[in-house]
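Since this is a predicted model, take the numbers as computed values, not measurements. To find a chain, count down the sequence lines: A is the first, B the second, and so on, and within it residues start at 1.
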There are 2 protein chains.
Amino acid sequence: MSTKVKKRTLINDIASHLEVSIATVSLVLNGKAKQSRISDAVAERVLKYVEEVGYKPNHLAKSLRTGKTHVIGLVVEDIANPFFATVAALIERQAFERGYRIIYCSTNNEPAKARELIAMFQERHVDGFIVVPSEGIDKEVSDILREQTPIVLFDRYLPDLPTNYVVVDGAQGTAEATRHLLAQGYTNIAFITTDSVQTQMEARLQGYTQVLEEQNLPRKVQRVVVTKDTEPIIAGIQEFLQANPEVDAILFSTNYLSIYGLEAISRLGLRIPDDLAIISYDDHDLFRLYTPAITVIAQPVESIAKNVIDILLHELQEPGDQATAAPQSLVLAPSLVIRKSSLKTAVVIPKPVAAVGLG
Amino acid sequence: MSTKVKKRTLINDIASHLEVSIATVSLVLNGKAKQSRISDAVAERVLKYVEEVGYKPNHLAKSLRTGKTHVIGLVVEDIANPFFATVAALIERQAFERGYRIIYCSTNNEPAKARELIAMFQERHVDGFIVVPSEGIDKEVSDILREQTPIVLFDRYLPDLPTNYVVVDGAQGTAEATRHLLAQGYTNIAFITTDSVQTQMEARLQGYTQVLEEQNLPRKVQRVVVTKDTEPIIAGIQEFLQANPEVDAILFSTNYLSIYGLEAISRLGLRIPDDLAIISYDDHDLFRLYTPAITVIAQPVESIAKNVIDILLHELQEPGDQATAAPQSLVLAPSLVIRKSSLKTAVVIPKPVAAVGLG
DNA sequence: TTGAAAGCGCTAACAT
DNA sequence: ATGTTAGCGCTTTCAA
């Protein structure tokens, strides 16, 4: 009666067509032919026929049986943020090559969302986690740890939990940026950051603070409350600038704050770097192309991705008990990419030969 | 001997603790208590205990049994492209609210990658597909259609296949942009596009061509080969500009081309809009914040996302045979957001009161 | 009203 | 060397 359209081939079909048992087929397909001493002839016949009919095992059944899904859950703060998008893409590619799939989701730094996503990933039985932890999810992470599911954090870590993590030395980055500004002759350097007190933000703040303390120079830290509505953020930065006219340079602690900052600066009609020098944490298309181009503290995205996935896959493939092994923690170095927004004397770049006369 | 740490609660545990059958528990949990005439008292006891122990059914087992995963596969061109990232995020949110999860992947417009991803999603038994089709995947899409798995395309469609799709009227967008440039007094308008001949690109080209034809004005279309290496793209645009000094305005067919274009223009030291007016397809942080701000043809991202997910969920929940129903196709209107990059006479925007004297 | 039991498609221990 | 079979955890029909 019903018009059955799908008729996937099953392992059963293969076995009966070939007149062997399904165990033989399964063994061959899982590369265990040799160790089960299945004859090469049979193995080859199986492989050939499987290829011929395009048989694909049902992953659901396989996973249900083995308890392994070969899926990794990736929880980032915001996949639309180019930093996270880049790292995610790199991680995905490497995982794919090694037979793992990634499913990713953004928390928007909301602990509730983060908890929900972790729960969802657990329900989906991911084999491992890669997490950019938002505040207040210590409990969920420690649950994962207790269940001995492999996990690697990146960008920041949870100081109270013995997890693997890969982070960047934010303090070193901001310290270097601050020294660069001082060397350029800026003396009133402000630091604009978020209201987060997570490790990566505190480190970035600390690098700035320490250098200025050493020089006995004034610090000026502005913490901006990050809301969904961007207008108050921009307005807040504008107000800060107006209230502190002596400030001659600003270090932004993260890429999106810099973007809001550029908007605020543009609205106030201030010129970069003449009125105000700018350095941002994180690189971005916008910063490269902005006029003037923005100096940034760039994070080593390839290295972050590579190390994260290496650590995770190692645990995934390691039969040993993870709980007993010491967690791995890695601190990578950022690099300062100097562009025009932080140079006191504008550098004159020679025009290309024969500038075209358009218009 | 072994230290078993995980001990998930199973439906069995619930049933035996409550001294009811597992069928009863299952029925209650799936909201079929009423229709199976299970007593309210029992139903309530089940729900209460389930809540208490935090029982979560094993999705793998459930899916294996029901054949439904409640997962939708989303295949986009490039998740790092703000246009796709935004639409994906909106789709994800709406799907989530309705009990579906999204797994997404980027094809980078490589047919092989697209095929691989579709295969992977099929292996994972997604309930439905949302796809931004790259060229050459007609076969895969028609396979999906034949298996009667619901699918919705967006951004572009495959003219030969009767699928649901949601696209934007690119021709209308570029026509309006072209007219705007003409109204501003630009007469030598070039169109820079990719080497793609897919529907969305051809439509954008056509809007431009038609308006200029009507006015008997010269067309100048430059097709840029998009490669992974960005340098040749930028250089190509530079060469085009140098070879065509009479061009006084450019329409870019997509956001990333505009970004390369801005780089080329900046290298040549040309001024926008005095030497060259610029309009981009797609909005972007960069375009809003660039000096001067870039006029864009903006796509209605919210509407795209909403319609895509509505059509898909409708099919997912509709018991009827999809193959017989006519596919839905939707063409939405873009909007021209006029900024300074396309205005012949620079508009003077009054500075905010009391511009601060910094530095 | 509720319970027993038959699978969903696969793997792997145990037979042969 | 290969076949038999007992589950993985759940849903759902059918019987009681």
Candidates [options] - which lies nearest the side chain of [X]:
X: B:Leu10; options: D:dG9, C:dA12, C:dC10; result: D:dG9
X: A:Asn30; options: D:dT2, D:dC10, C:dT11; result: C:dT11
X: B:Arg37; options: C:dT1, D:dG9, D:dT5; result: C:dT1

message: With a 4.0 Å cut-off on N to O distance, would you call A:Arg45 and A:Glu52 a salt bridge?
response: no
Can you tell me the distance, in whole Å, between the [atom1] atom of [X] and the [atom2] atom of [N]?
X: B:Leu64; N: D:dG7; atom1: CG; atom2: C1'; result: 12 Å
X: B:Ile11; N: C:dA5; atom1: CD1; atom2: C1'; result: 14 Å
X: A:Lys32; N: C:dT11; atom1: NZ; atom2: P; result: 9 Å
X: B:Leu60; N: D:dT11; atom1: CG; atom2: C1'; result: 15 Å
X: B:Glu123; N: C:dG9; atom1: CD; atom2: P; result: 16 Å
X: B:Arg65; N: C:dC10; atom1: CZ; atom2: C1'; result: 15 Å
X: B:Leu29; N: D:dT11; atom1: CG; atom2: P; result: 7 Å
X: B:Leu27; N: D:dT11; atom1: CG; atom2: P; result: 9 Å

message: Would you say the rings of B:Tyr49 and B:Tyr55 are close, in the sense that their centroids are separated by under 6.0 Å?
response: no
- prompt: Does A:Phe96 have A:Arg101 sitting over its ring (NZ/CZ under 6.0 Å from centre, angle to axis within 45°)?
  reply: yes
Is [X] close enough to [N] that one of its side-chain N or O atoms is under 4.0 Å from OP1 or OP2 there?
X: B:Tyr55; N: D:dC10; answer: yes
X: A:Thr66; N: C:dC10; answer: no
X: A:Ser26; N: C:dT11; answer: yes
X: B:Thr24; N: C:dG3; answer: yes
X: A:Asn12; N: C:dG9; answer: no

statement: CZ of A:Arg93 to NZ of B:Lys113, rounded to nearest 0.5 Å, is 7.5 Å
task: May I ask you to say what B:Ser36 touches in the nucleic acid, namely base, sugar-phosphate or nothing, with a heavy-atom cut-off under 4.0 Å?
output: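 Here B:Ser36 touches the bases of the nucleic acid.
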query: Starting at the 5' end of DNA chain D and moving along, which residue's nearest nucleotide shows up first, A:Ser39 or A:Ile22?
result: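 Upstream on the strand: A:Ser39.
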message: Measuring only between side-chain heavy atoms, which start at C-beta, is B:Glu44 closer than 4.5 Å to B:Val28?
response: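 Contact flag for B:Glu44/B:Val28 side chains = no.
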